[in-house]
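These figures come from a predicted structure and were not determined experimentally. Labels below follow one simple rule: chain letters A, B, ... track the order of the sequence lines, proteins then strands, and each chain is numbered from 1. Any value given below was found using the heavy atoms of this structure, including those in side chains, with hydrogens, waters and symmetry copies removed.
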Amino acid sequence: MKSEPITFSISHLKKLKRSGWEGVRNYQARNFMRDEMKKDDLVFFYHSNCDIPAIVGLMRVYKESHPDPTQFEKESEYYDPLATKENPRWFMVGLEFVVEFKEAISLQQIKNQIDLQNLQLVKKGSRLSVHPVPDKEAKIILKMAGLN
DNA sequence: GCCAACGTTGGC
DNA sequence: GCCAACGTTGGC
């Protein structure tokens with residue numbers, strides 16, 4: 001999952017311990033959260049749109065898909081006038097902090113890794129902020145992070 | 001700040 | 001249903 005660190009970084013999550021992943025307003029990303037993410041799944045935290053785009057740590061799903069409350073809040077930048085409580089459009093999962101990597105794994109490093117070229121992240125033009133990471137790739141990333 | 005790639009909107 | 005125009009993402 002991607003987040004701009006200026007908005008919400010792994011340090012924020014570390015401090016909060018747990019947080020809802022609110023503000024996703026892309027259908028494909030929503031569908032992954034709503035349909036694929038299960039309790040206790042591990043999730044990579046990626047910092048996007050910053051000095052060194054990188055995978056910076058791990059989170060875990062503690063709460064499966066539920067409506068993103070910010071879609072109902074008029075004052076929120078994520079407000080969606082077309083969403084109703086009876087028929088919400090946007091969903092999110094709850095995530096808890098697991099670990100911050102001692103050394104972040106930069107996008108450059110990922111691009112240099114021949115075995116990681118199938119990751120959505122490195123596919124040209126991929127902007128999807130939520131997407132699955134297959135086991136094979138996940139293991140490689142964890143190894144790069146010094147975890148097993 | 002630039003811009004390629006992608007997603008969404010809305011007229012027709 | 002097509003597609004041009006526009007908006008957003010995100011690396012560089």
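- One atom, CD of Q120(A), and another, C1' of dC6(B), lie 13 Å apart when rounded to the nearest Å.
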Please determine whether side chain to side chain donor-acceptor pair (under 3.5 Å) holds for the pair T70(A) and R25(A), giving the CA-CA distance in whole Å, both sets of side-chain angles, and the decisive distance to 0.1 Å. CA-CA 11 Å; T70(A) 61; R25(A) 294 295 179 268; 3.0 Å; yes

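- Residues P5(A) and S48(A) approach most closely at CD-O, 3.2 Å, considering heavy atoms.
- Note that K85(A) lies in the cation-pi zone of F72(A), set by a 6.0 Å cut-off to the ring centre and a 45° limit from the axis.
- Between the C1' atom of dT9(C) and the CD1 atom of I6(A) lies a distance of 15 Å, rounded to the nearest Å.
- In this structure, Y79(A) has its ring center no closer than 6.0 Å to that of W90(A).
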What pairs of nitrogen or oxygen atoms, one from the protein and one from nucleotides 10-12 of chain C, lie under 3.5 Å apart?
residue: dG10(C); atom: OP1; partner: K2(A); partner atom: NZ; Å: 3.0
residue: dG10(C); atom: OP1; partner: R127(A); partner atom: O; Å: 2.7
residue: dG11(C); atom: OP1; partner: Y46(A); partner atom: OH; Å: 2.6
residue: dG11(C); atom: OP2; partner: N49(A); partner atom: N; Å: 2.8
residue: dC12(C); atom: OP1; partner: K111(A); partner atom: NZ; Å: 2.6

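- The nearest whole Å value for the distance from the NZ atom in K124(A) to the P atom in dC3(B) is 16 Å.
- Not less than 6.0 angstrom separates the ring centroid of F91(A) from the ring centroid of W21(A).
- Atom pair Q28(A):CD and dC6(B):P shows a separation of 11 Å (rounding to whole Å applied).
- Taking the side chain as every heavy atom from C-beta outward, R89(A) and Q71(A) approach each other to under 4.5 Å.
- For the pair Y78(A) OH and dT8(C) C1', the interatomic distance rounds to 13 Å; values are reported in whole Å.
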